[in-house]
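These notes are about the structure you will find just below.
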There are 2 protein chains.
Amino acid sequence: MTQVDTVTRILDAAEALFAERGFAETSLRSITTRADVNLAAVNYHFGSKKALIQAVFSRFLGPFYKLVEASLDNHEKTQPDTVLSIEDILHFVAHAMTAVSKGDRSKLTIFMRLLGLAYNQGQGHLRKFLQREYRSLFRRVMALVTKATPDLDPMERFWRFHFMLGSAAFTLSSMEHLMAIVEDDLSIKCTEEDVVGYLLPFLAAGIRAK
Amino acid sequence: MTQVDTVTRILDAAEALFAERGFAETSLRSITTRADVNLAAVNYHFGSKKALIQAVFSRFLGPFYKLVEASLDNHEKTQPDTVLSIEDILHFVAHAMTAVSKGDRSKLTIFMRLLGLAYNQGQGHLRKFLQREYRSLFRRVMALVTKATPDLDPMERFWRFHFMLGSAAFTLSSMEHLMAIVEDDLSIKCTEEDVVGYLLPFLAAGIRAK
DNA sequence: TTTTGAGTTAAACGTATGTTTCAAACAGTT
DNA sequence: AACTGTTTGAAACATACGTTTAACTCAAAA
């Protein structure tokens, strides 16, 4: 089946280039050249560049979504009436994230970068797309966070939740550059797992501040 | 002096449009139309679009840089041998930031968005520009943070510092959207000062985790 | 064998972009 | 009032982009 190969090659190439340069800065021609595919193939298989961006995103979103949902479903069945701690929640999410992007750091990078762009791009199509696909999962996680932090003012909880999201999106999407700086300044290498290991306690402490 | 007016009008228009749409998505024509200025004026006064972006950035960077430096200089002279707490440091920076963007929320937004893009844009000119202009201030603040958290592992401190930066950059650059969501979900309005008021304790607690 | 239809290709289309040009208008100086 | 260097204006330039078209390939169905 050559059509599946073409679609996959386009997605792979787009993924790598998006992660490396951004979306507006990546042309269809650079994608199709890298994928060794004809220019028209993108519009034939995806319809438009916007649709391609969303398709790249969906490749993570789908599995990630299912994995988190499955973890939470499983937990609710095996241990109902147990209130999850912030650490537990973060662990579920982080585990799904690393499982989905397993073996390919750029997958995590592009996922986070897309997330950041979706929030920043004022009139962007990404924001609506993301909201549409993510909404129910977002609400479910937020409900768990609410249970884990019952004393927190709702407004403050909302913002702290997004502070967490921001930490993750920013640092994980520019992880490569930051790792280069760290190696340059401290002459110590560090891995993706190290960073996540640093991140989770930071987030948990932040949301429990005061 | 009509030339200053033209330059200022271009900077104002560019600032607003960049904050609202992003950089690649904002054309010179939309900027000059909004500024009510001839298209060629941008290239005449700034040389190129890249230079315009940097000029917009410099308009904050300069005053912000000077304000923070002045605060720190003043503190060192009036109260030497006093170790600043994390809260103190954050307060200095936050104060300079709000002072520089006084009366115009979009100034904070674009500043933070630029910061985010500078870190994310792999081969971007912004990153080098920012590093060149910011380096000494960055080091100085980092040195203070180090004194404020003497027990922290250097590697972990580096990452936690950037977790803080990420929280701020992400939430403040998409503050408008987030505020709309908060008003929609909780039917409570909140101000820019509220958000910063929520942010600082979150950051302080995060960097002191464990 | 012929037909069909999805997949691929090269070329072109229309548009939007950043940039350049060069003549006209202007402000300040002599 | 004439000159000079700077700023503006309308137009054009060259290029890059996303998208579309129409001819072609080729394997599987009829």
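Within every chain, numbering begins at 1; the chains are lettered A, B, ... in the order of the sequence lines, protein sequences first and strands thereafter.
Nearest-nucleotide positions on DNA chain D place B:Ala40 closer to the 5' end than the other of A:Lys50 and B:Ala40.
Nucleotide D:dT19 holds its P atom 8 Å from the NZ atom of A:Lys49, rounded to whole Å. One can place CD of B:Glu25 at 19 Å from P of D:dA16, the figure rounded to the nearest angstrom. Nucleotide D:dC17 holds its P atom 17 Å from the CZ atom of A:Phe23, rounded to whole Å.
Taking only side-chain atoms of A:Asn43, from C-beta outward, the nucleotide of D:dA11, D:dT19, C:dA6 with the closest atom is D:dT19. The side chain of A:Tyr44 lies closest to C:dT8 when the candidates are C:dT19, C:dT8, D:dT19. For A:Asn38, the listed nucleotide lying nearest its side chain is C:dT9; candidates were C:dT9, C:dT19, D:dG18.
Neither OP1 nor OP2 of C:dG7 sits under 4.0 Å from any side-chain N or O of A:Thr6. Side-chain N/O atoms of A:Ser27 include one lying less than 4.0 angstrom from OP1 or OP2 on D:dC17. Regarding contacts with the backbone of D:dT6, every side-chain N or O of B:His45 stays at 4.0 angstrom or more from both OP1 and OP2.
Using a distance-only test at 3.5 Å, with no hydrogens or angles considered, a donor-acceptor pair links the side chain of A:Arg157 to the main chain of A:Thr149.
Using a 4.0 Å heavy-atom distance criterion, A:Thr26 is classed as a sugar-phosphate-only contact. Among the heavy atoms of the strands, none lies under 4.0 Å from A:Thr32.
Using a 4.0 Å cut-off between charged side-chain N and carboxylate O, A:Asp73 and A:Arg140 make a salt bridge. With respect to B:Asp153 and B:Arg160, no salt bridge is recorded, no charged nitrogen being found less than 4.0 Å from a carboxylate O.
Of the candidates B:Ile53, B:Leu61, B:Leu130, B:Ile53 is the only one forming a side chain to side chain contact (heavy atoms under 4.5 Å, CB included) with B:Leu114.
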